[in-house]
Amino acid sequence: MVRIRSLLPGLARAEQRVAKVVLDEPAAVAHRSITEVADAAGTSETTVTRFCKAIGVSGYPELRIALAADTARSAARSDRDLGGDITPSDDLRQVVAKVAFADARAVEETAEQLDAEVLGRVVDAVARAGRVDVYGVGASAFVASDLQQKLHRIGRVCFAWSDTHIALTSAAVLQPGDVAIGISHTGATVDTVEPLRVAAERGATTVALTNFPRSPISEVADHVLTTAARETTFRSGAMASRIAQLTVIDCLFIGVAQRHLDTARAALAATYDAVGGHRLGVRPDGRRRPRETGR
């Protein structure tokens, strides 16, 4: 289901109709014949077969098996479905429940489909890089800044750019051995795709973080990391994608920190001490800490 949603924009129109039938009623499709699915989508059995090939399964029988397994896992994960849209009539308790459910599901589904081998190659590239550029605009800019801050705290040279002109000029001076990371939920944001393209032309290793693996940003990336975020009425890509993107960023950061464990620990300790004087002198339980002698 996650794979079908991520590939949906790149499918042919008739195949998209098949995808909608599958996404709307996966449990029912798992028990239907290929003829019934074709009729429901208003298309042919040949198109259903092409749809199966497009999403990476050998044919309709394998699709039915995969759907049955997927729906069984979903049922085991939660005995209540809070995945529907948030409506104007929902009270705040329902809003909190639906938001929490959607965020948790985004993290779980992103983790389930994240390719550990690709992530490992990205970790290796970033760990070896002399410099890392991160590009993202809008909501993705906050995620880019989070990665920059994390890597900077363990002594890695990293810059996050959200201004298109600055991103382009920065990409233009990258060189082999550097890494450029483009973050875009849709994978079609020109302000992110173009700097990544320039970085690739300069010989830098390029990485895309997107919800749609066949989107334009993937065409200019050496490595593609994917998220699995769903959108609802009030939770546009700016909200739904952020949690999923941060999950991948955290995994990337920890992988890099493991490659430089000793220096990362020392750097984290030093940066923690550097800002220690800007924290109020109270304990987590609210009681004031005792003053240190000589201060």
Shared ILVMFWY cluster between [X] and [Y], side chains joined below 4.5 angstrom?
X: V48; Y: L11; answer: yes
X: I254; Y: L151; answer: yes
X: F142; Y: L147; answer: no
X: V157; Y: Y135; answer: yes
X: L119; Y: L209; answer: yes

How long is the span from the [atom1] atom in [X] to the [atom2] atom in [Y], to the nearest 0.5 Å?
X: S241; Y: I183; atom1: OG; atom2: CD1; result: 10.0 Å
X: D124; Y: T205; atom1: CG; atom2: OG1; result: 11.0 Å
X: E45; Y: I34; atom1: CD; atom2: CD1; result: 5.0 Å
X: K20; Y: L23; atom1: NZ; atom2: CG; result: 9.0 Å
X: I181; Y: I249; atom1: CD1; atom2: CD1; result: 6.0 Å
X: R32; Y: R64; atom1: CZ; atom2: CZ; result: 11.0 Å

With the side chain counted from C-beta on, respond yes when [X] and [Y] share a heavy-atom pair under 4.5 Å apart, and no when they do not.
X: T49; Y: Y60; value: no
X: F51; Y: V22; value: yes
X: V29; Y: E36; value: no
X: V193; Y: L196; value: no
X: L268; Y: I154; value: yes
X: R131; Y: S170; value: yes
X: S140; Y: T192; value: no

May I ask you to check whether [X] and [Y] show a side-chain donor-acceptor distance below 3.5 Å?
X: T47; Y: S44; value: yes
X: D250; Y: T247; value: no
X: T189; Y: S184; value: yes
X: T164; Y: E194; value: no

Sidechain-backbone polar pair: [X] side chain, [Y] backbone, donor-acceptor under 3.5 Å:
X: D178; Y: Q175; value: yes
X: R3; Y: I55; value: yes
X: T206; Y: A200; value: no
X: R153; Y: A267; value: no
X: T110; Y: A228; value: yes
X: E62; Y: S58; value: yes
X: R156; Y: V132; value: no
X: E109; Y: A229; value: no

Check L225, D222, V224, V123 against V118 for a side-chain contact (heavy atoms from CB on, under 4.5 Å) and give me the one that passes.
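Of L225, D222, V224, V123, side-chain contact (heavy atoms from CB on, under 4.5 Å) with V118 is met by L225 alone.
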Of the non-hydrogen atoms in [X] and [Y], which two are nearest, and what is the gap between them?
X: S162; Y: V137; value: O-CG1, 3.3 Å
X: A167; Y: P195; value: CB-CG, 3.8 Å
X: D133; Y: W161; value: OD2-NE1, 3.3 Å
X: S6; Y: N211; value: CB-O, 3.2 Å
X: L174; Y: A180; value: CD1-CB, 4.0 Å
X: C158; Y: V134; value: SG-CG2, 3.7 Å

Taking atom [atom1] as the centre, does [X] end up with more than 12 heavy-atom neighbours from other residues, nucleotides or ligands that are less than 6.0 angstrom away?
X: L92; atom1: CG; result: no
X: D24; atom1: CG; result: yes
X: H260; atom1: NE2; result: yes
X: R265; atom1: CZ; result: no

Are F212 and H185 near enough that their ring centres are under 6.0 Å apart?
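Yes - the distance between ring centres of F212 and H185 falls below the 6.0 Å cut-off.
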Evaluate the side-chain contact (heavy atoms from CB on, under 4.5 Å) criterion for residues D146 and K150: first the C-alpha distance (whole Å), next the side-chain angles of each, then the deciding distance (0.1 Å), finally the verdict.
CA-CA 6 Å; D146 184 74; K150 282 183 166 66; 2.7 Å; yes
Checking salt bridge (charged side-chain N to carboxylate O under 4.0 Å, His left out) against K98, which of D91, D103, D90 comes through?
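Looking at D91, D103, D90, the match for K98 under the salt bridge (charged side-chain N to carboxylate O under 4.0 Å, His left out) is D90.
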Test log, rule side-chain contact (heavy atoms from CB on, under 4.5 Å), inputs V122 and V126
CA-CA 6 Å; V122 175; V126 172; 4.2 Å; yes
